[in-house]
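For reference, the structure is listed below as structure tokens.
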Amino acid sequence: MSARRHEPWRARFEDFKEAYVLRALSDDERQEFEGYLAEHPETQAEVDDLGAIAGLLALAPHEYEPSPKLRRNLLSSIEGLGETLPAEAPPRRAGSRHRSGLFGSGGLAAAVAAAAVLAVVGLFLWNTSLRDENEDLLADNEDLSSELETRQTYALQGPGPAESVRGEVIKVREDRAVLVADNLPPAPEGQVYEAWLMRGGVPEPAGLFRPRDGGETAAPIEGSLDGAEAVAVTVEPSSGSPMPTSDILLSTEL
Amino acid sequence: MSLAGSGDAGAFAGLYDRHSRAAYSLAYRMVGERQAAEDLVQEVFLDVWRAAGSYRAQKGSVRTWILSIAHNRGIDQLRSTASRRRTQERVEPAPTSQPSEAFTVAWRNQQREQVREALRDLPPEQLKVLELAYYSGYTHTEIADLLGLPLGTVKGRMRLGLQKIREHFGSRGTEVTG
């Protein structure tokens, strides 16, 4: 270690530099530190280097899209824009179809049919003890059988406590999918599981669900998988959330 | 960038389209409310509009510059607002499970994922100190009080946490760029 490191200012510099780049100094401390920097410009490169590391933290948050209104407001507030306002930015990801709710367009009969499909699919795939019953239902509906034959499945995975959970997202039709899982622990009191469709990096609510006793779950995915990159599951307040408020429990890429 | 600096509204709009998402995500992480985050981002880009001419590429990328403005404005807001959103939830211990990769799976640039990976590799106590400082705007003294730790311990965790992030990138032969 060089002799200058023992100089009082240097000790203070060493003591403060990490907090400085994290903006964790008080105003007085920051002024003091910047005084050191001004007096010892040779230390600036070290601070810049450390600041680049701290700055990486800005990239870590989950990504969300600001509303189009923000863009409009911002551009209209820029003096002199007037008639030269550029067009709205194109969607960040092609193929982001208009969402069609699972029960959105087909009326009650379709909703009932869809619910039956999803319930049967979930149970059929999930609980072998119910397979016979499901097969009875399937035998009554050839269309349903064909859907099952053409289904696509995506394995759900999660870290930590979710490692023991087995689950899948099953795409039944273009606009219909169901999430099935086993060994899913009960949601904490006052909370519920919420599924999310990731589209262009933005999470869209895709339904709330609670596992049955034993942790079995068969829940419809509300929204089309088309154009989505992934399905994820978080724990949210009982009424659900417009945006995820907790870490991801389970997820799968589509 | 130079066009935006010279008052080209179209260039500025392009700048916004490229970087608003990252700025908003950081703002939302810091202030925790969508409207407050959008207000903050609007101020950030107004700053960018006013100061674009002073941007110097040798000091880092445009993204880094914009995010640093967002971070500084976010910290200022957190510290100046009496009703700042600092709930007890924010100082609860980190969950034993590491944050999931779920929302990061598909998305975007490699560096972003590497950063998240680096943070996941941090010991929870170091991550918590970095988060409280960087995202929540607490000073090191406040963090020491909140967590009931000696100030020296907080400083040490900051130092080790940043070192580990640097080592994470170094071990992969990737450069930390601005």
Side-chain angles (χ1 to χ4, degrees), chain A residues 15-16 18-19 21-26 29 48-67 69-71 73-75 77-78 80-81 84-86 89 92 158-162 196 198 201 203 229-230 232-234 242-244 247-253, chain B residues 7 9-10 12-14 16-17 20-22 24-26 28-29 34 37-38 41-42 45-46 49 60 64 67-68 70-72 75 95-103 105-108 111-112 115-116 118-119 130 133-135 137-141 143 155 158-159 162 165-166 176-178:
Chain A
D15 202 34
F16 276 5
E18 285 84 11
V21 298
L22 290 165
R23 280 218 57 184
L25 293 178
S26 68
E29 290 169 331
D48 289 346
D49 180 57
L50 201 54
I53 301 293
L56 291 173
L57 292 167
L59 302 175
H62 294 312
E63 289 183 84
Y64 301 112
E65 194 81 44
S67 69
K69 181 181 169 189
L70 174 61
R71 187 180 192 273
N73 289 346
L74 178 65
L75 296 185
S77 67
I78 300 298
L81 270 181
T84 66
L85 275 175
R92 291 181 184 272
W196 304 92
M198 297 298 301
E229 305 101 5
V233 176
T234 63
M243 282 288 180
D247 290 337
I248 306 305
L249 187 72
L250 295 166
S251 67
T252 183
E253 287 185 72
Chain B
F12 177 76
Y16 175 86
D17 292 339
S20 59
R21 183 188 184 88
Y24 177 72
S25 300
L26 174 60
Y28 184 80
R29 175 67 177 81
R34 301 186 76 168
E38 293 201 350
V41 170
Q42 173 145 341
F45 277 90
L46 287 173
W49 172 253
T64 297
L67 290 178
S68 72
H71 182 238
N72 283 328
I75 294 284
T96 53
S97 60
Q98 292 299 304
S100 166
E101 184 65 8
F103 280 165
V105 184
W107 306 290
R108 316 236 169 197
Q111 190 180 47
R112 185 180 289 274
V115 172
R116 290 171 180 167
L119 296 186
L130 294 182
Y134 192 86
Y135 298 121
Y138 289 104
T139 68
H140 53 183
T141 305
I143 294 170
K155 291 176 181 174
M158 286 180 176
R159 181 172 301 118
L162 292 177
I165 294 172
R166 182 199 300 278
V176 177
T177 57

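Bear in mind that the values here come from a model prediction, so they are computed numbers and not experimental data. Naming convention: chains lettered A, B, ... in sequence-line order (proteins, then strands); numbering from 1 in each chain.
For the pair B:R116 (side chain) and A:A60 (backbone), a donor-acceptor distance under 3.5 Å is present.
Summarising the geometry, atom CG belonging to A:L22 is positioned 11.5 Å from atom CZ belonging to B:R159; distances are rounded to the nearest 0.5 Å. Annotation: the span from B:F45 atom CZ to A:R71 atom CZ amounts to 11.0 Å, rounded to 0.5 Å.
Between B:V115 and A:L56, the closest heavy-atom pair is CG1-O, 3.2 Å. The two residues B:Y138 and A:A24 make their nearest non-hydrogen contact at O-CB, 3.6 Å. The heavy-atom pair separating A:F16 from B:K155 by the smallest distance is CE1-NZ, 4.0 Å. Shown here for A:A54 and B:Y134, the closest heavy-atom pair between the two residues is O-CE1, 3.5 Å.
Per-residue counts of heavy-atom pairs under 4.5 Å with chain A were compared for B:S25, B:S68, B:A118, B:A70; the largest is that of B:S25.
B:R34 is not listed as a side-chain neighbour of A:Y64, based on a closest heavy-atom distance of 4.5 Å or more. Contact of the A:L70 side chain with the B:Y16 side chain is registered, since non-hydrogen atoms from C-beta on lie closer than 4.5 Å. Residues A:D49 and B:R166 have side chains in contact (heavy-atom distance under 4.5 Å, counting atoms from C-beta outward). In this structure the side chain of A:L57 never reaches within 4.5 angstrom of the side chain of B:L26, judged on heavy atoms. Contact of the A:L59 side chain with the B:L67 side chain is registered, since non-hydrogen atoms from C-beta on lie closer than 4.5 Å. Counting heavy atoms from C-beta outward, A:L74 and B:F12 have side chains that approach closer than 4.5 Å. Between B:T141 and A:S26, the closest side-chain pair of non-hydrogen atoms is not below 4.5 Å. B:Y135 places a side-chain heavy atom less than 4.5 Å from the side chain of A:P61.
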Query raised in the report: How far apart are the C-alpha atoms of B:E38 and A:S67, what are their side-chain angles, what is the distance that settles it, and do they pass the side chain to side chain contact (heavy atoms under 4.5 Å, CB included) test?
Result: CA-CA 8 Å; B:E38 293 201 350; A:S67 69; 3.0 Å; yes
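Residues forming a side-chain contact (heavy atoms from CB on, under 4.5 Å) with B:N72 (at least two apart in sequence, or on another chain): A:R23.
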